[in-house]
Amino acid sequence: MAITFSGLLKLAVLTVQRPRLGARVVLGQDLPMPARWTALAFTAVASALLTHLALALMRLPDGGQMLLPGPVALALVQFGVMVLTAIAAHRIGRWRGGRGRIEDAVLLMAWLQFILLCLQGLQIVAMIVLPVLADVLGMMGLVLFLWLLTAFVAEMHGFSSLGRVFAGILGSIFALALLLSALLAFAGGAPA
C-alpha cells in the first residue's frame, strides 16, 4: 500500500471516530520494526517543531517572552516520553493478561502522535486567527489523547472493557507521579 498524506488524514478521521478499528487498520499494515521506529522518531521531531512554533507564537500578558528550550531538546524529550509510554502500555497490559507486542505499542504510539500533530496544527492556526479557540483545542487534545490511548491499549491487548483500561491508565499515571515525587524528595535529601 502506498502511504499518502491524504490517506493518512482519512485514516486519522476514521481513527478518531472509531479508534479500535483505526488501530486494527494501522496494525494490519504489518510495517517492519525499523519503519515503526522511524515513524516514532518522525512524529517526535514534528511535534517538537510544532511545539516550538506554538510557544514562539504565544504572547505573555506583560509583553515578555517565554524561555524556549531548543527544538532538538524538545524532540529528544518527546521521543523519550513516547518510548516510555509504549513500553508502559506493553508491559502493564501484558502484566494484566493482554497479548500485545512491543512492536505494536511503538506503532500505535507513533500513530497516536500523528493524530495529535494534526490537532496541534489546527491549534497553531487557531492561535493566529482566533486565540480562544486554541485553548479549546488544547483541552480537546488532552481528552483525545486519553480516549485514543485507552482504545489503542484495549485493541492491542485484546481487552474488551474500555472502562477498565482507562482506570488502569489513570492508576498507572497516578502511581508514576507518586514514584517520581518520592524520587525527587529523596534526591533533595535533608539539608546539610
Side-chain angles (χ1 to χ4, degrees), residues 36-37 40-98 100-117 119-120 123-124 127 134-154 156-157 159 161-192:
R36 294 171 190 231
W37 283 112
L40 197 72
F42 173 79
T43 55
V45 169
S47 176
L49 291 173
L50 285 179
T51 299
H52 198 265
L53 176 62
L55 290 174
L57 290 173
M58 290 179 83
R59 294 186 187 104
L60 296 180
D62 63 0
Q65 287 195 345
M66 187 175 293
L67 292 175
L68 301 174
V72 173
L74 282 173
L76 290 173
V77 168
Q78 182 72 23
F79 184 77
V81 167
M82 290 167 62
V83 168
L84 290 175
T85 304
I87 291 169
H90 170 253
R91 296 304 305 154
I92 295 170
R94 291 295 291 241
W95 173 61
R96 299 301 300 155
R101 303 177 313 149
I102 188 65
E103 299 89 350
D104 295 339
V106 168
L107 182 59
L108 289 175
M109 285 309 110
W111 183 239
L112 174 59
Q113 188 59 41
F114 175 80
I115 293 170
L116 294 176
L117 280 170
L119 185 62
Q120 194 175 7
Q123 188 177 14
I124 289 172
M127 287 174 73
D135 294 337
V136 173
L137 289 173
M139 304 231 317
M140 284 177 53
L142 176 62
V143 171
L144 183 64
F145 168 76
L146 291 171
W147 165 247
L148 293 177
L149 181 62
T150 300
F152 287 4
V153 169
M156 177 177 67
H157 287 293
F159 296 141
S161 172
L162 291 178
R164 286 184 180 175
V165 172
F166 182 67
I169 289 170
L170 291 182
S172 298
I173 291 170
F174 181 73
L176 180 62
L178 282 177
L179 177 65
L180 288 175
S181 295
L183 288 174
L184 287 173
F186 180 72

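We use all heavy atoms of the structure for the numbers below, so side chains are in, but hydrogens, waters and symmetry mates are not.
Atom CZ of residue F152 and atom CD1 of residue I169 lie 11.0 Å apart, to the nearest 0.5 angstrom. One distance of note links CH2 of W111 with CG of L117; it measures 10.5 Å at 0.5 Å rounding. The line from CG of L116 to CZ of F114 is 11.0 Å long, rounded to the nearest 0.5 Å. Atom-to-atom distance recorded for D104:CG and M109:CE is 10.5 Å, nearest 0.5 angstrom. The CG atom of L50 lies 11.0 Å from the CG atom of L74; values are rounded to the nearest 0.5 Å. Separating the CG atom in L180 from the CG atom in L184 is a distance of 6.5 Å, to the nearest 0.5 Å.
Taking all atoms of both residues into account, the shortest heavy-atom contact from A86 to I102 is O-CD1, 4.0 Å. Taking all atoms of both residues into account, the shortest heavy-atom contact from I92 to S172 is CD1-OG, 3.5 Å. Heavy atoms only, all atoms of each residue included: L162 and A151 are closest at CD2-CA, 3.9 Å.
Annotation: salt bridge (charged side-chain N to carboxylate O under 4.0 Å, His left out) contacts involving residues 134-153, sequence neighbours excluded, are absent. Residue pairs meeting the side-chain hydrogen bond (donor to acceptor under 3.5 Å, both in side chains) criterion with at least one member in residues 88-97, sequence neighbours excluded, do not occur.
Residues meeting the side chain to side chain donor-acceptor pair (under 3.5 Å) test with Q123, sequence neighbours left out: none. T150 meets the side chain to side chain donor-acceptor pair (under 3.5 Å) test with no other residue; sequence neighbours excluded. Not counting sequence neighbours, the partners of V45 by the side-chain contact (heavy atoms from CB on, under 4.5 Å) test are L49, A75. F166 meets the ring-ring contact (aromatic ring centres under 6.0 Å, His included) test with no other residue; sequence neighbours excluded. In terms of the side-chain contact (heavy atoms from CB on, under 4.5 Å) criterion, residue partners of A54 (sequence neighbours excluded) are, by chain and number, I124, M127. Residues meeting the side-chain contact (heavy atoms from CB on, under 4.5 Å) test with V77, sequence neighbours left out: V81. Under the rule for a ring-ring contact (aromatic ring centres under 6.0 Å, His included), the partners of F159 that lie at least two apart in sequence or sit in another chain are H157. Under the side chain to side chain donor-acceptor pair (under 3.5 Å) criterion, E103 pairs with no residue at all, not counting sequence neighbours.
W37 is listed as a side-chain neighbour of V83, based on a closest heavy-atom distance under 4.5 Å. Put simply, the side chain of M82 does not reach to within 4.5 Å of the side chain of T85, judged on heavy atoms. Looking at heavy atoms from C-beta onward, Q113 lies out of side-chain contact with L40 at the 4.5 angstrom threshold.
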Which donor-acceptor pairs under 3.5 Å do side chains of residues 137-146 form with protein atoms, sequence neighbours excluded?
none

